[in-house]
Visitor: 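Would you mind keeping the following structure in view while I ask a few things?
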Amino acid sequence: MATPLERRNRAGVSEREARAPRLEPRESVPLAPLSTMGVGGSARFYVEARDEGTVLAAVDWAHEHGLPLRILGGGSNLVVADAGVDALVLRVAIRGVTVQEAGASADLTAAAGEPWDDVVRLAVERGWAGLECLSGIPGLVGATPIQNVGAYGQEVSDTITAVRVLDRTERRIVTLSPDACGFGYRDSAFKSRTPDRHVVLAVTYRLRPGGAPAVRYAELERQLAGRGIQAPTLADVRASVLAVRRAKSMVLDPDDPNRRSCGSFFVNPVVPARDAERIAAVASDPGMPRWPETGGARVKLAAAWLVERAGFARGLADGAAGISTRHTLAIVAREGARAADVVRVARRVRDGVHARFGVRLVPEPVFWGFPGMEGGLPDT
Ligand SMILES: Cc1cc2nc3c(=O)[nH]c(=O)nc-3n(C[C@H](O)[C@H](O)[C@H](O)COP(=O)(O)OP(=O)(O)OC[C@H]3O[C@@H](n4cnc5c(N)ncnc54)[C@H](O)[C@@H]3O)c2cc1C
């Protein structure tokens, strides 16, 4: 059955919308406390949406005021410019989880504002397989389809069956199939084909009650073996993933000196197989980590390995920013860091890897408020 908002889509402005309170965004709201990197200036306007009507009202408000609309979740994949963002920033804070069990599957639908790890924990507690390796990833549900969040051999695209969105172009709420989402490695249509078109409102994941956990990474196997676990449960895998992540400062921990980051700053590059050979030769290391893609014509390389071999060590300090002491791919902001410091380190690392291996690393986070971009990084 159509929801009130869907009825409005077909019938124009609904009674509910007519009754909706006028949107009153706050002005000059600092964004650093709302992002894990903790740098950058303010949003010119800011509003939180706890329901879908407010999301629609925000889209309209930005349009009427001739301002860009930026969608904020948990701010864990975001670098905000020091000058701030001349836009309406909309934080999607819609909550709610529903579950439909049918035989061998359980469809878990979570609203965009649900904390991601709460959803993973719920699935694991219920004994539903499919998300356990994605334990401990910061952020909210609504962002998970954007870069097809993944870790330790699982990606959300393995389980997503539907994404409920507000299509800003059509001003309609629609439910997209996985095909329409165009998922790829750390990528989706939301991120690269039609950026800024959709606001994610809810996501449905199809899980497997009683299913076996995924253990596909040697690192995870070793962690489980170290705990003496031969036949892990979902809860065992979740605990091991969290332990492995904690050891790399890849969970949010207010006491961790490496806590201000976006996680991995660069995605693993996928290069033609002959380039992989050349890079291994340049590094004089035939054991270079590499994962051939299906067919073998292209090969995924480890960005962290390239960064290290280009001469950037863990713990590097460059002004108030640098590299995490526990994870080569995490660029961290330290006391007093500004966005410009983070960008400087990112450019230095990217250019260093390019100079050494001829591979241009592509950043994973999004950048707001920077006047110019070059190769995915701010050019100032
Ligand atoms: C310590 C750490 C570890 C991490 N580990 C991983 C990892 O293992 N794997 C991984 O894939 N990522 C990882 N990340 C990156 C990040 O956590 C994920 O990308 C996460 O999904 C971002 O969620 P968020 O809610 O914080 O999004 P935000 O940072 O708020 O936003 C990210 C992007 O998504 C868009 N967006 C957010 N919500 C919506 C919405 N409702 N509708 C439309 N667009 C939206 C934003 O506009 C922006 O473009 C890590 C980050 C940190 C800090």
Side-chain angles (χ1 to χ4, degrees), residues 31 34-38 40 43 48-49 52 55 58-59 68-80 85 87-95 110-117 119-120 131 133-157 163-168 176 181 183 185-192 194-203 217 241-242 244-254 256 258-268 324 326-327 329-333 363-368:
L31 291 173
L34 298 176
S35 76
T36 56
M37 192 60 100
E48 265 184 31
E52 295 183 343
V55 172
V59 168
L69 178 73
R70 301 283 191 189
I71 314 300
L72 180 67
S76 62
N77 216 13
L78 171 66
V79 181
V80 177
V85 189
L88 171 64
V89 171
L90 166 66
R91 186 155 200 270
V92 182
I94 309 169
R95 304 295 297 267
E114 284 293 325
W116 170 246
D117 195 51
V119 169
V120 177
L131 303 179
C133 292
L134 306 176
S135 296
I137 298 178
L140 307 183
V141 161
T144 60
I146 306 297
Q147 72 155 4
N148 184 17
V149 157
Y152 302 103
Q154 274 180 346
E155 296 180 312
V156 287
S157 59
V163 180
R164 181 177 164 85
V165 294
L166 174 67
D167 181 332
R168 290 164 58 185
L176 301 178
C181 297
F183 290 122
Y185 165 64
R186 283 316 153 271
D187 194 24
S188 71
F190 307 115
K191 182 172 170 183
S192 45
T194 49
D196 299 331
R197 177 160 178 179
H198 299 102
V199 184
V200 175
L201 301 171
V203 185
Y217 266 57
V241 167
L242 289 174
V244 170
R245 293 185 68 94
R246 201 165 289 118
K248 298 181 186 176
S249 298
M250 283 290 119
V251 287
L252 292 184
D253 172 355
D256 185 337
N258 295 305
R259 69 188 174 283
R260 285 173 58 191
S261 83
C262 292
S264 297
F265 205 93
F266 298 101
V267 294
N268 289 329
S324 163
R326 290 167 158 182
H327 189 0
L329 261 196
I331 292 180
V332 292
E364 192 181 295
V366 295
F367 298 86
W368 285 358

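Indexing begins at 1, ligand by ligand and atom by atom, following the structure's order.
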Visitor: Strictly by modelled atom types, are Asn148 and Ser188 linked by a side-chain donor-acceptor pair under 3.5 Å?
Guide: no
Visitor: Say you draw a straight line from CG of Asn77 to OG1 of Thr36; how long is it, rounded to the nearest 0.5 Å?
Guide: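 Output value for this atom pair is 8.0 Å.
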Visitor: Less than 4.5 Å apart, any side-chain heavy atom of Tyr152 and any of Leu134?
Guide: no
Visitor: What's the separation between atom CG in Asp253 and atom CZ in Arg246, rounded to the nearest 0.5 Å?
Guide: 7.5 Å
Visitor: Please report the C-alpha distance between Leu329 and Phe266 in whole Å, then the side-chain angles of each, then the deciding distance to 0.1 Å, and finally whether the side chain to side chain contact (heavy atoms under 4.5 Å, CB included) criterion is met.
Guide: CA-CA 7 Å; Leu329 261 196; Phe266 298 101; 4.2 Å; yes
Visitor: Using every non-hydrogen atom in the two residues, find where Asn258 and Val332 come nearest and quote the distance to one decimal.
Guide: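 Minimum heavy-atom contact is O-CG1, 3.6 Å.
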Visitor: For ligand 1, find each of its N or O atoms that sits under 3.5 Å from a protein N or O atom, and tabulate the pairs with distances to one decimal place.
Guide:
| residue | atom | partner | partner atom | Å |
| --- | --- | --- | --- | --- |
| ligand 1 | 5 (N) | Arg245 | NH2 | 2.8 |
| ligand 1 | 8 (O) | Arg245 | NH1 | 3.0 |
| ligand 1 | 8 (O) | Arg245 | NH2 | 3.3 |
| ligand 1 | 9 (N) | Gly150 | O | 2.8 |
| ligand 1 | 11 (O) | Gln147 | NE2 | 3.0 |
| ligand 1 | 11 (O) | Gly150 | N | 3.2 |
| ligand 1 | 12 (N) | Gln147 | NE2 | 3.1 |
| ligand 1 | 17 (O) | Ser76 | OG | 2.8 |
| ligand 1 | 17 (O) | Pro138 | O | 3.1 |
| ligand 1 | 19 (O) | Asn77 | ND2 | 3.1 |
| ligand 1 | 19 (O) | Gln147 | NE2 | 2.9 |
| ligand 1 | 25 (O) | Gly74 | N | 2.7 |
| ligand 1 | 25 (O) | Leu140 | N | 2.9 |
| ligand 1 | 26 (O) | Gly74 | N | 3.2 |
| ligand 1 | 26 (O) | Gly75 | N | 3.0 |
| ligand 1 | 26 (O) | Ser76 | N | 2.8 |
| ligand 1 | 26 (O) | Ser76 | OG | 2.6 |
| ligand 1 | 29 (O) | Ser76 | N | 3.0 |
| ligand 1 | 29 (O) | Asn77 | N | 2.8 |
| ligand 1 | 30 (O) | Gly73 | N | 2.7 |
| ligand 1 | 30 (O) | Gly74 | N | 3.4 |
| ligand 1 | 30 (O) | Gly75 | N | 2.8 |
| ligand 1 | 41 (N) | Val200 | O | 3.1 |
| ligand 1 | 42 (N) | Val200 | N | 2.8 |
| ligand 1 | 47 (O) | Ile71 | O | 2.6 |

